[in-house]
Amino acid sequence: MKWMKYSYSYCVIPKRKSIIMESIRWAFNTRLWTPNKADWMTALSLIQPEEKERIGQFVFRKDAKSSMAGRLMMRKFATEVLGLSWSEAKFQRSEKGRPYLVNMPVQRSGVDFNVSHQGGWAVMAADVGSSIGIDVMEVEYSGGKSVPEFFHTMRRQFTSSEWSQIYSFNDEAGQLASFYRHWCLKEGVVKALGVGIGFELQRVSFQLATKTLPVNKITADTRVKIDGSFDDCWQFEETLLDPTHSVAVARRYDSPQTGIRVTELVPFTQLSFDDMIASGEQLTCPDETMAEELVKKEETPW
Ligand code: COA
Ligand code: MG
């Protein structure tokens with residue numbers, strides 16, 4: 001993972017002066033994180049009470065860890081990038097579950113962020129001047145069906161042109177990598193729009209210029225057709241966080257974009273647990289019982 005500081009995106013917000021904000025691309029490896037009781041007590045005390053209760057209800061610890069990492073990254077962002085204090089930042093969810101910052105500072109209007117967690121990673125992207133959606137997926141299939149059967153059950157989620165791209169690989173590994181790449185792109189769009197389940201996924205069809213994603217190098221030449229026509233209000237950044245995790249960031253601008261300046265593409269910075277909680281302030285009392293329960297839970301269903 002490359003350790004690089006931020007580049008800058010410039011955007012003119014109507015009737016407000018231009019603002020500068022770091023493009024945020026953060027990643028946290030949830031598989032390598034093995035929190036003990038004290039770590040859980042710390043983490044639980046740093047998030048809002050309703051999110052703490054939600055995390056306490058996960059059956060498997062992997063899900064609790066992933067969701068916790070997302071919450072901590074959002075609060076780190078509000079504090080260290082947006083300039084609110086840890087305890088000042090107030091997050092809520094939209095009707096469809098999309099988190100937003102209730103008290104976004106006025107001078108930061110136009111800033112958007114989104115979180116995703118799956119497999120071994122939790123990721124966050126934030127930027128100014130566009131809506132943003134991020135999705136990470138582990139490139140593996142371990143369901144009971146064969147890969148062709150699995151693809152068959154998923155046939156309605158992708159367009160015929162997307163299936164052609166997926167099947168342009170002769171081997172199943174290549175097909176799965178392409179499948180999850182398309183999946184992340186599609187989820188990125190759904191999440192930037194904040195819509196969720198119910199969105200007609202066949203309306204969105206991706207055209208990939210780069211056939212295979214490299215690890216830790218950002219690909220930004222994918223275009224999308226919405227309802228059959230190219231829509232250049234959308235821009236995409238894709239990479240592999242490691243050989244088995246595909247990630248896509250989808251950005252929706254108000255007007256068509258002429259292209260991404262390669263110098264502005266920011267690689268993911270890997271955070272540690274200490275990085276995530278560096279600015280933390282206690283929001284709720286230490287909860288020893290919940291921390292103990294989380295330590296005792298099964299990590300995964302298998
Ligand atoms: N829009 C954007 N972000 C949302 C959201 C929404 N409607 N609802 C939740 N989120 C954020 C939250 O931060 C959430 O984490 P948290 O609940 O722990 O805080 C995070 O996104 C979850 O994202 P991810 O880890 O990528 O989960 P997901 O991929 O399982 O779910 C949803 C994504 C929630 C946005 C939802 O759209 C969904 O389930 N979509 C499935 C649609 C589909 O059929 N996709 C197939 C693609 S081919
Ligand atoms: Mg997802």
Side-chain angles (χ1 to χ4, degrees), residues 3-28 46-51 69-116 122-134 188-189 191-195 218 220 232-237 249-269 271 274-283:
W3 288 82
M4 230 176 90
K5 275 291 169 190
Y6 323 121
S7 76
Y8 296 92
S9 302
Y10 296 82
C11 167
V12 180
I13 306 286
K15 299 202 180 91
R16 293 190 202 286
K17 58 182 186 187
S18 298
I19 63 166
I20 300 175
M21 196 195 83
E22 305 90 343
S23 284
I24 299 297
R25 304 287 183 268
W26 286 340
F28 178 73
L46 298 180
I47 59 173
Q48 288 173 207
E50 72 280 12
E51 295 297 340
R71 302 312 299 184
L72 293 175
M73 282 195 275
M74 280 162 44
R75 208 160 264 280
K76 174 185 174 72
F77 170 68
T79 306
E80 295 175 18
V81 180
L82 300 180
L84 295 171
S85 75
W86 190 275
S87 51
E88 203 178 1
K90 172 82 186 130
F91 291 97
Q92 260 176 28
R93 287 176 187 266
S94 71
E95 214 177 287
K96 302 276 187 185
R98 189 182 206 267
Y100 64 94
L101 185 60
V102 179
N103 48 347
M104 179 68 80
V106 173
Q107 67 276 22
R108 296 296 197 180
S109 63
V111 169
D112 195 20
F113 62 90
N114 195 230
V115 159
S116 177
V123 289
M124 177 175 158
D127 244 305
V128 66
S130 64
S131 307
I132 197 160
I134 186 167
V189 165
K191 295 183 72 186
L193 296 173
V195 282
I218 297 164
D232 289 324
C233 291
W234 287 96
Q235 285 193 334
F236 304 94
E237 295 167 36
V249 175
R251 299 184 64 183
R252 170 104 186 18
Y253 296 82
D254 287 340
S255 56
Q257 303 296 297
T258 47
I260 296 181
R261 271 167 285 177
V262 176
T263 50
E264 286 183 0
L265 294 175
V266 177
F268 279 81
T269 297
L271 304 180
D274 286 347
D275 291 332
M276 291 197 299
I277 65 167
S279 308
E281 288 171 32
Q282 201 176 303
L283 304 183

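Keep in mind that this is a model prediction, so the values were computed, not measured.
- The distance from the CE atom of Met74 to the OG1 atom of Thr79 is 11.0 Å, given to the nearest 0.5 Å.
- Under a 3.5 Å cut-off, the side chain of Asn114 and the backbone N or O of Ala192 do not form any donor-acceptor pair.
- Looking at Val111 and Asp127, their side chains never come closer than 4.5 Å, going by heavy atoms from C-beta outward.
- At least one donor-acceptor pair closer than 3.5 Å links the side chain of Gln48 to the backbone N or O of Phe91.
- Closest of all the heavy-atom pairs between Ser255 and Cys233 is C-SG, 3.4 Å.
- Using a 4.5 Å cut-off on side-chain heavy atoms (C-beta onward), Arg25 and Thr269 make no contact.
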Next on the checklist: Under the criterion side-chain contact (heavy atoms from CB on, under 4.5 Å), I'd like the reasoning laid out for Val123 against Val115: C-alpha separation, chi angles, the key distance, then a yes or no.
Outcome noted: CA-CA 6 Å; Val123 289; Val115 159; over 6 Å; no
Checklist entry - Do Phe113 and Ile134 pass the side-chain contact (heavy atoms from CB on, under 4.5 Å) test, and can you show the C-alpha distance, the side-chain angles, and the key distance before you say yes or no? => result CA-CA 9 Å; Phe113 62 90; Ile134 186 167; over 6 Å; no
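- Between the Ser94 side chain and the Lys96 main chain, a donor and an acceptor come within less than 3.5 Å of each other.
- How far OG of Ser279 is from CG of Leu84: 11.5 Å, rounded to the nearest 0.5 Å.
- Distance check, rounded to the nearest 0.5 Å: OG1 of Thr258 to CG of Asp232 gives 9.5 Å.
- Of the residues Arg71, Lys90, Arg75, the one that meets the salt bridge (Lys or Arg N to Asp or Glu O under 4.0 Å) test with Glu51 is Arg71.
- Geometrically, Lys76 does not engage Trp86 in a cation-pi contact, judged by NZ or CZ lying under 6.0 Å from the ring centre and within 45° of the ring axis.
- Counting only heavy atoms from C-beta outward, the side chains of Ser131 and Leu193 never approach each other to under 4.5 Å.
- Residues Arg251 and Asp112 fail the side-chain proximity criterion, which asks for heavy atoms closer than 4.5 Å.
- Taking every heavy atom of both residues into account, Trp26 and Met73 meet most closely at CZ3-O, 3.4 Å.
- Atom-to-atom distance recorded for Gln235:CD and Ser130:OG is 8.5 Å, nearest 0.5 angstrom.
- Heavy atoms only, all atoms of each residue included: Met276 and Ala69 are closest at SD-O, 3.8 Å.
- Between Ser85 and Glu281 the shortest side-chain heavy-atom distance falls below 4.5 Å.
- With hydrogens and angles disregarded, a donor-acceptor distance shorter than 3.5 Å links the side chain of Arg98 to the backbone of Lys191.
- Closest of all the heavy-atom pairs between Val266 and Ser23 is CG2-CB, 3.5 Å.
- Residues satisfying the side-chain contact (heavy atoms from CB on, under 4.5 Å) criterion with Ala250, sequence neighbours excluded, are Val189, Trp234, Phe236.
- Listed by chain and residue number, nothing satisfies the side chain to side chain donor-acceptor pair (under 3.5 Å) test with Arg252 (two or more places apart in sequence, or in another chain).
- Side-chain contact between Asn103 and Glu88 is present, with at least one heavy-atom pair separated by less than 4.5 Å.
- Atom CZ of Phe77 is separated from atom CD1 of Ile24 by 6.0 Å, given to the nearest 0.5 angstrom.
- When side chains are defined from C-beta on, Leu72 does not count as touching Phe28, because their heavy atoms never get closer than 4.5 Å.
- Residues forming a side chain to side chain donor-acceptor pair (under 3.5 Å) with Gln257 (at least two apart in sequence, or on another chain): none.
- Minimum interatomic distance between Gly129 and Tyr253 (heavy atoms only, all atoms of both residues): O-CD2, 3.5 Å.
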